[in-house]
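Here it is, the structure in full.
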Amino acid sequence: MNSIRTRFAPSPTGYLHVGGARTALYSYLFARKNGGDFILRVEDTDEERSTEDSMRMQLADLKWLGYEYQEGVDATTLKDRGPVGPYRQSQRLSIYREHADRLLKEGKAYYCFLTDDEIERQREDAMKAGRPHQVVSPYRDWSLKDAEKKISEGGVKPTVRFRVPDLTREYTFLDLVRGEVKFPSDMVGDFVLLRSGGMPVYNFCCVIDDALMKISHVLRAEEHLSNTLRQLMIYEAFGWATPQFGHLSIILGPDRQKLSKRHGATSVNEYRERGYLPEALSNFIALLGWSSPKAQEILSMKDMIEQFSLDRLHSAAAVFDEAKLKWVNAQHLRALPHDELWRRAEPFLTGAGLKLPDDPDWRDRSLQVFKTSMELLTDAVELYRPLAKIPLTLTDEARETMSWPTSRGVIEEWRAQLKAKSGESYLTESEFSAIQESVKTNRKVKGKELFMPIRVAILGKPHGAELKVLVPLIEMSTLIERADQVLGFV
RNA sequence: GUCCCCAUCGUCUAGAGGCCUAGGACAACUCCCUUUCACGGAGUAGACCGGGGUUCGAAUCCCCGUGGGGACGCCA
């Protein structure tokens, strides 16, 4: 077991959020950079909201992103892997119970019989009086014996509360991204460790697991910063050394509110479906709160592992800017070898029902033409659609082009020239150039009045890639059909 | 309300007291390349939240204010 051990501990209540992905990425990078272990633990103690489906999806997303972990719940088998499991909190209940008992015995925790209604009333009263609303339990000073007696009488299910030390003092720790952070101990009241149903609560499991799993560095979202006080108290109660904490700033939407559903896509899964590359998403989210020491903007996973360090983590919240994500994606996408790029784009192409040649050379040439206009893998669909054997749909701009006085003649000539060569399956670049030349001289048309109508007869729109590279990618029969179609002969 | 965190171009950021007339990237705009579109290249515009200190000197350190965010649960 390595001495540097990080973990990512998602709760399986929905999709993996990009914020979670960033936390996972930093934890992964830090472990990789330092030859440490990266552990995946599932925090599924919220019985209401946790589902196995969510867990499966989140693990799949992590796998897609490529953040491999040495220990944790396996993404495909869903089985534990590693020496300090189980790695699902719902399977560690007896461990938490034992530890709660230990605190109970030592007088550091107590059984509390307060009902929800009573707590609610306390909260309202505190609110009215302008006091911080902390639970004050009348059972705080009961002896363990009395409490156990009450339980054995039946009818009540108590929670186990942590007894916050009476002495008011300051808890301090050195945050990896924020530096020294101080909390007054009276910031919190006695908090629940075990729910009345016996299920432990986040702060409790988190401490026990991080300690037992020998986690050395805990990287987590900023919303946990104030939880750290409670956790520090628990560590102290057990006499355990604390790991190092690093609280990552929040990711915001364009309105500077915490990134959420109403801002659009927030889940990793959605970005995958929209045609983003995992390495590009990782690159982009890494830059939301971290910067390369070489000021590099485009980084591979390997680059990030090499360059990652905690001291370059930024403590201010960052706005998620999809325009930049797109640019990052485009850079990664265009750098991919063509066979790899095709492999990634193909599912989107077939998903759109496009049947394209499986000739590797054709694919290579077509990608050469199209990749400069692709930012997302999904962009391939509209780019390749005209290359498939399907009829054209004309854009408004195309109709306008066709309304030029010379356009019809150009296409008639184009079609005639094509028909003369109808025996061939594809036109070569030089054959196309020759045809275009003769259309030009025969019809005495040049410039955009020449090539725009031809482009419309090929693509259905007057803009796009260069004709001499485009035409050799389209079957002759399709070319002729389209010329017919545009002339209204369909 | 109480406590905690944060604050550099529209956005992501560099900046650890003099290297800063504040650098880079995305987006915007202009031009070049191009018989279109995109790619690419060159350039323009654009920021240290406010006020007090400390210091010979502050974007950088301290205090106050303001703004934003987070936490105050038998959620995580």
Side-chain angles (χ1 to χ4, degrees), chain A residues 9-13 43-50 89 112 114-116 119-120 123 126-135 157-161 175 177-178 181-184 186-189 191-203 205-206 220-230 247 249-250 252 254 256-258 284 287-293 295-298 311-312 314-328 330 334 369-375 383 397 401 436 440 446-452 455 459 461-467:
Chain A
S11 53
T13 55
E43 307 215 326
D44 55 351
T45 53
D46 184 347
E47 294 173 291
E48 306 266 299
R49 299 194 303 149
S50 299
Q89 293 184 329
C112 174
L114 239 28
T115 63
D116 284 346
I119 292 171
E120 186 53 35
R123 181 170 304 137
M127 197 77 103
K128 264 182 230 149
R131 289 193 311 263
H133 38 263
Q134 293 172 356
V135 174
K157 286 194 169 158
T159 57
V160 173
R161 275 185 195 277
D175 191 275
V177 349
R178 275 150 227 281
V181 179
K182 295 177 183 172
F183 299 107
D186 59 1
M187 190 175 125
V188 293
F191 52 92
V192 170
L193 261 22
L194 252 39
R195 287 177 252 230
S196 53
M199 194 55 102
V201 133
Y202 165 75
N203 282 305
C205 325
C206 184
R220 50 155 72 135
E222 190 189 338
E223 57 243 44
H224 290 298
L225 187 56
S226 43
N227 281 324
T228 309
L229 172 59
R230 294 181 178 77
H247 290 91
S249 56
I250 304 279
L252 309 174
R256 304 206 72 96
Q257 302 283 7
K258 193 172 169 182
F284 174 73
L287 261 18
L288 250 34
W290 176 81
S291 58
S292 149
Q296 228 174 301
E297 298 278 340
I298 299 300
D311 59 0
R312 296 193 68 84
H314 195 68
S315 51
V319 173
F320 191 97
D321 177 17
E322 201 169 339
K324 184 152 183 181
L325 205 211
K326 267 192 183 160
W327 174 78
V328 171
R334 288 168 200 159
V369 180
F370 289 142
K371 71 172 177 184
T372 54
S373 10
M374 282 171 68
E375 287 188 302
L383 256 9
E397 242 185 324
T401 304
Q436 196 182 34
K440 183 176 169 183
K446 59 177 182 175
K448 66 177 188 177
E449 291 179 336
L450 171 68
F451 67 82
M452 279 197 171
R455 198 192 304 275
L459 290 176
K461 56 182 187 180
H463 299 294
E466 218 179 335
L467 288 172

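Protein chains get the first letters and strands the later ones, always in sequence-line order, with residue 1 at the start of each.
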Review point. Is any side-chain N or O of A/Ser373 under 3.5 Å from a base N or O of B/C37, one able to act as donor and the other as acceptor?
Key: no
Exercise for review: Please test A/Ile298 against A/Trp327 for side-chain contact (heavy atoms from CB on, under 4.5 Å), starting from the C-alpha separation and ending with a verdict.
Suggested key: CA-CA 10 Å; A/Ile298 299 300; A/Trp327 174 78; 3.8 Å; yes
Revision key, fill the gap. note: A/Ile250, atom CD1; B/G68, atom P; distance rounded to Å ~ 16 Å
Review point. When rounded to the nearest Å, what value does the distance between P atoms of B/A71 and B/U54 take?
Key: 39 Å
Revision key, fill the gap. Between CZ of A/Phe191 and P of B/G73 the distance, given in whole Å, is 12 Å
Check your understanding: Under 4.0 angstrom, heavy atoms only, what part of the nucleic acid is A/Ala465 near: base, sugar-phosphate, or nothing?
Key -> base
Practice item. State, with a plain yes or no, whether a side-chain heavy atom of A/Arg161 is found less than 4.5 Å away from one of A/Val135. Key: yes
Review point. Between B/C61 and B/G69, how far is it from one P atom to the other, in whole Å?
Key: 24 Å
Review point. What heavy-atom pair brings A/Arg455 and A/Gly464 nearest, and what distance separates the two atoms?
Key: NH1-O, 3.3 Å
Point to revise | Minimum-distance nucleotide (side-chain atoms of A/Ser196 versus B/A76, B/C74, B/U35) | key: B/C74
Review point. Is there a Watson-Crick or G-U wobble partner for B/G43 with both distances under 3.5 Å, and if so, which one is it?
Key: B/C29
Exercise for review: Answer with base, sugar-phosphate or nothing: what part of the nucleic acid does A/Thr159 contact at a heavy-atom distance below 4.0 Å?
Suggested key: base
Check your understanding: For RNA chain B, whose closest nucleotide is more 5', that of A/Met199 or that of A/Lys182?
Key -> A/Lys182
Exercise for review: Name the nucleic acid region contacted by A/Thr13, choosing base, sugar-phosphate or nothing; use a 4.0 angstrom heavy-atom cut-off, strictly under.
Suggested key: nothing
Check your understanding: Are there more than 12 heavy atoms of other residues, nucleotides or ligands under 6.0 Å from atom CD of A/Glu47?
Key -> no
Practice item. Taking atom P in both B/U11 and B/G53, compute the distance separating them and give it to the nearest angstrom. Key: 30 Å
Check your understanding: Quantified in whole Å, what is the P atom distance between nucleotide B/C64 and nucleotide B/G23?
Key -> 32 Å
Exercise for review: Can you establish whether the number of heavy atoms outside A/Lys371 located under 6.0 Å from its atom NZ is more than 12?
Suggested key: yes
**Study point:** Nearest-Å distance for atom pair CZ/C1', residues A/Arg230 and B/C3
**Key:** 11 Å
Study note, to complete from the structure: With the side chain defined as heavy atoms from C-beta on, A/Glu222 is closest, among B/C5, B/C4, B/U36, to B/C5
Practice item. Produce a footprint string for nucleotides 9-14 of chain B: one letter per nucleotide, 5' end first; B if the base is under 4.0 Å from any protein heavy atom, S if only the sugar-phosphate is, - if neither. Key: --SBSS
Exercise for review: Name the pairing partner of B/C20, where a pair is Watson-Crick or G-U wobble with both distances under 3.5 Å, or state none.
Suggested key: none
Revision key, fill the gap. Nearest-nucleotide check on RNA chain B, A/Thr115 vs A/Ser315; residue mapping nearer the 5' end is A/Ser315
**Study point:** Closest listed nucleotide, where the reference is the side chain of A/Gln436 and the choices are B/U35, B/C74, B/C6
**Key:** B/U35
Practice item. Assign A/Gln257 to base, sugar-phosphate, or nothing according to its heavy-atom contacts below 4.0 angstrom with the strands shown. Key: sugar-phosphate
Review point. Considering only the P atoms, how many Å lie between B/A16 and B/U35, rounded to the nearest integer?
Key: 48 Å
Exercise for review: Using a cut-off of strictly less than 4.0 Å, decide whether A/Thr372 has a side-chain nitrogen or oxygen near OP1 or OP2 of B/G40.
Suggested key: no
Point to revise | Between C1' of B/U2 and CG of A/Leu229, the distance in whole Å | key: 14 Å
Practice item. Find the distance A/Arg220:CZ to B/G70:C1' and express it as a whole number of Å. Key: 14 Å
**Study point:** Closest listed nucleotide, where the reference is the side chain of A/His224 and the choices are B/G69, B/A76, B/U36
**Key:** B/A76
Exercise for review: Could you measure between the two P atoms, the one in B/C49 and the one in B/G67, and give it in whole Å?
Suggested key: 16 Å
Practice item. For the side chain of A/Ala323, starting at C-beta, report the closest nucleotide among B/C74, B/A27, B/C39. Key: B/A27
Point to revise | A/Glu223, A/His224, A/Arg220, A/Glu222 screened by side chain to side chain donor-acceptor pair (under 3.5 Å) with A/His247, the one that passes | key: A/Arg220
Practice item. Write down the atom of A/Ser373, the atom of A/Leu383, and the distance for their closest heavy-atom approach. Key: O-CD2, 4.0 Å
Exercise for review: With heavy atoms under 4.0 Å as the rule, sort A/Leu194 into base, sugar-phosphate or nothing.
Suggested key: nothing
Review point. Can you find a donor-acceptor pair, distance only, under 3.5 Å between A/Asn227 side chain and B/A76 base?
Key: yes
Check your understanding: Taking any strand in view, what nucleotide pairs with B/A71 in a Watson-Crick or G-U wobble way, both distances under 3.5 Å?
Key -> B/U2
Check your understanding: When rounded to the nearest Å, what value does the distance between P atoms of B/A42 and B/G24 take?
Key -> 12 Å
Review point. A/Arg455 near the nucleic acid: base, sugar-phosphate alone, or nothing, with a heavy-atom cut-off under 4.0 Å?
Key: base
Check your understanding: How is A/Lys371 classified with respect to the nucleic acid when contacts are heavy atoms under 4.0 Å: base, sugar-phosphate, or nothing?
Key -> nothing
Review point. Counting N and O atoms only, with roles assigned by atom type, does the side chain of A/Glu43 sit under 3.5 Å from a partner on the main chain of A/Cys206, one being a donor and the other an acceptor?
Key: no
Point to revise | Smallest separation among heavy atoms of A/Arg178 and A/Leu225, with atom names | key: CD-CD2, 4.2 Å
Study note, to complete from the structure: As its Watson-Crick or G-U partner within any shown strand, both distances under 3.5 Å, B/C49 has B/G65
Exercise for review: Rounded off to whole Å, could you give me the CE-to-C1' distance for the A/Met187 and B/G1 pair?
Suggested key: 15 Å
Revision key, fill the gap. When rounded to whole Å, the CG to P distance for the pair A/Leu450 and B/U34 reads 18 Å
Exercise for review: Any strand is fair game: report the nucleotide pairing with B/A38 by Watson-Crick or G-U wobble, both distances under 3.5 Å, or none.
Suggested key: none
Review point. Does the pair A/Asp46 and A/Arg49 meet the rule for a salt bridge (charged side-chain N to carboxylate O under 4.0 Å, His left out), with working shown?
Key: CA-CA 6 Å; A/Asp46 184 347; A/Arg49 299 194 303 149; 3.1 Å; yes
Review point. Touch check for A/Asn203, heavy atoms < 4.0 angstrom, all strands: base, sugar-phosphate only, or nothing?
Key: nothing
Review point. How far apart are the C-alpha atoms of A/Arg334 and A/Glu375, what are their side-chain angles, what is the distance that settles it, and do they pass the side-chain contact (heavy atoms from CB on, under 4.5 Å) test?
Key: CA-CA 8 Å; A/Arg334 288 168 200 159; A/Glu375 287 188 302; 4.1 Å; yes
Check your understanding: Rounding to the closest angstrom, what is the interatomic distance between B/C9 and B/A14 at atom C1'?
Key -> 13 Å
Practice item. Could you state the atom-to-atom distance from CG of A/Leu383 to C1' of B/C39 in whole Å? Key: 12 Å
